[in-house]
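These numbers come from a predicted model, not from an experiment. When reading the values below, keep in mind they use all heavy atoms of this one structure, side chains included, and skip hydrogens, waters and symmetry mates.
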Amino acid sequence: MATEQTRRALAPERVEQSEVEPGVEQRDRQYISLQRQLATKNPAHEQIANGLGWFSIGLGLAEVIAPKSFARFIGAEGRHTALIRFMGLREITAGVGILTNRRPAHWVWARVAGDAIDLALLGAAFSSRDADHGRLKAATAAVIGVTALDVYNAQQLSRDKNDSAIRVHTVTINHSPDELYRFWRDFENLPRFMSHLESVRITGERRSHWVAKAPAGTTVEWDAEITKDIPGQLIAWRSVEGADVENSGVVRFDPAPGGRGTEVRVELFYDPPGGLLGAGIAKLFGEEPGTQIKGDLYRFKQVMETGEVIHSDSSIHRGMHPARPVESSGKGDL
C-alpha cells in the first residue's frame, strides 16, 4: 500500500473530483516530503567543507601565534603583525563556524569574502620595496586556488536541500474552491496578481514556460510541469531540468471554517541562484520568492473579490501627497 501511495504521489496525474478518496491529503503530504528529499545533503560537499574548516583553523593559528614568521613565509613585510593576527582570528572564526554549524554554507561564503580581502592585501604588498615578489606570487596563486575551491563548495552546499528555502503562506478568499482552482489552473492568469511574473506561456497539456523579474532589472526563465492536479483541491508543480531557479510546490484550495470561503495555501520550495548569497541579494532588492508569494496571495484575493488589484496612493504617487483624494466641491479646485 505504501509503495502504491508513493508511486501515485510522484507520478504526474489528473484526478477527477469523483475519484478523490480520503487518502488524498496523506498522499499530498507524502509528495511534499518526497520533494524535500530531492536535494538532500551531499556527503562529499560536507567533507570538503570540513576540510576547509580545519584548514581555516590551522592557517588562523599560524597567523595569530607567529605573525612575523607568517609574513616572511608569504614574502610580505613583518611589520603588520596586528593586521595578520586579525586575519588569523577571522580564519579561526570561519573554521569553527564551518565545523560546528549544521548548515555551513554561509560560513564557507564568509571564507570567500575573506579570500577576496586576502587577495587585495597581497596585491598591495607587491608595492613594497622589501617584499619578496617570488614568494608573494606563490602565495597569491595559492589563495586563488583556495578561493576557487571555496566558491565551488559554497555553491554546492547552498544547493543542498538544508540550505534551500521553504515558504508557506495562506490567505482566505470569499469564493468557492472550484472557482479559485479554475482561475489559478489557467496559468496565463497568474501575472495578473503575481507582480514578479512577466509572462506564463502554456507549452503543453502539463507544461508551461515562465519568465520572472530578478534583481537589478534582470530576468529568469524556467519550464515547469504539473506533477499532481486534483480539480478544486490542489495543483502541484516542479521546474524541469535547466531552470534558472529550481522550484517546486503545492497550492491547495480548502473550504474555510464557518463557510467563509476558501483557504488558499501555497507551499513553495526553491533553490535561489547563487545559494544563500543569491537569496540575500534578492531579498535586498525585494525579489526574494518567499516575500513575493505573500504579496501575490493578497493580490490574488483582491482580484477574485474585487476584480482588480487595488493600489494605495503611496504605490501610485511619489513624494508628498494627500492621504486620500481631494473631493471636488463642484466650484472648481482651489
Side-chain angles (χ1 to χ4, degrees), residues 41-42 44-160 162-165 215-216 272-285 288:
K41 278 188 173 183
N42 188 314
H45 302 159
E46 296 295 312
Q47 291 175 2
I48 294 173
N50 288 339
L52 289 172
W54 286 114
F55 171 77
S56 197
I57 291 174
L59 179 62
L61 288 173
E63 291 174 324
V64 170
I65 295 172
K68 289 185 178 180
S69 298
F70 182 84
R72 288 193 296 270
F73 177 75
I74 64 174
E77 297 179 86
R79 295 179 297 176
H80 306 294
T81 56
L83 177 61
I84 292 176
R85 282 200 172 99
F86 174 78
M87 293 165 58
L89 290 173
R90 186 204 71 213
E91 290 282 0
I92 293 171
T93 301
V96 171
I98 291 171
L99 295 173
T100 60
N101 203 295
R102 289 179 58 250
R103 299 179 179 181
H106 61 286
W107 285 107
V108 181
W109 282 116
R111 273 193 51 80
V112 173
D115 293 337
I117 295 172
D118 292 344
L119 287 171
L121 292 174
L122 286 169
F126 276 97
S127 61
S128 173
R129 290 178 299 177
D130 298 327
D132 185 329
H133 285 200
R135 286 178 177 268
L136 279 176
K137 289 179 181 178
T140 301
V143 173
I144 290 174
V146 172
T147 301
L149 181 59
D150 284 339
V151 170
Y152 168 80
N153 188 235
Q155 289 177 336
Q156 296 304 314
L157 287 172
S158 295
R159 292 193 181 103
D160 288 347
N162 279 0
D163 288 314
S164 295
L276 293 180
L277 181 63
I281 293 173
K283 197 166 186 178
L284 180 65
F285 281 86
E288 193 265 332

Any side-chain heavy atom of [X] within less than 4.5 Å of one from [Y]?
{"X": "L59", "Y": "F70", "value": "yes"}
{"X": "R111", "Y": "F55", "value": "yes"}
{"X": "D118", "Y": "V146", "value": "no"}

When you measure from the side chain of [X] to the backbone of [Y], do you find a donor-acceptor pair of N or O atoms at a distance under 3.5 Å?
{"X": "R135", "Y": "I74", "result": "no"}
{"X": "T140", "Y": "L136", "result": "yes"}
{"X": "S128", "Y": "A125", "result": "no"}
{"X": "E63", "Y": "G88", "result": "yes"}
{"X": "H45", "Y": "N153", "result": "no"}

Minimum heavy-atom distance between [X] and [Y], given as atom pair plus value:
{"X": "L149", "Y": "L52", "result": "CD2-CD2, 3.8 Å"}
{"X": "E91", "Y": "G60", "result": "CB-CA, 3.7 Å"}
{"X": "V64", "Y": "I92", "result": "CG2-CD1, 4.2 Å"}
{"X": "D150", "Y": "V108", "result": "O-CG1, 3.4 Å"}
{"X": "P104", "Y": "E46", "result": "CG-OE1, 4.2 Å"}
{"X": "W107", "Y": "A94", "result": "CE3-CA, 3.9 Å"}

Keeping to residues at least two apart or across chains, list the salt bridge (charged side-chain N to carboxylate O under 4.0 Å, His left out) pairs with something in residues 48-60.
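Salt bridge (charged side-chain N to carboxylate O under 4.0 Å, His left out) check on residues 48-60 returns no pairs.
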Once ring pair (Phe, Tyr, Trp, His ring centres under 6.0 Å) is applied, do any residues pair with F73, and if so which ones, sequence neighbours excluded?
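Once residues adjacent in sequence are excluded, F73 has no partner under the ring pair (Phe, Tyr, Trp, His ring centres under 6.0 Å) criterion.
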What distance separates [X] [atom1] from [Y] [atom2], expressed to the nearest 0.5 Å?
{"X": "L89", "Y": "I84", "atom1": "CG", "atom2": "CD1", "value": "12.5 Å"}
{"X": "L121", "Y": "L83", "atom1": "CG", "atom2": "CG", "value": "5.5 Å"}
{"X": "N50", "Y": "I98", "atom1": "CG", "atom2": "CD1", "value": "8.5 Å"}
{"X": "R72", "Y": "D132", "atom1": "CZ", "atom2": "CG", "value": "12.5 Å"}

More than 12 heavy atoms of other residues, nucleotides or ligands under 6.0 Å from CZ of F86: yes or no?
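Counting neighbours around CZ of F86, 12 or fewer heavy atoms of other residues, nucleotides or ligands fall under 6.0 Å, so no.
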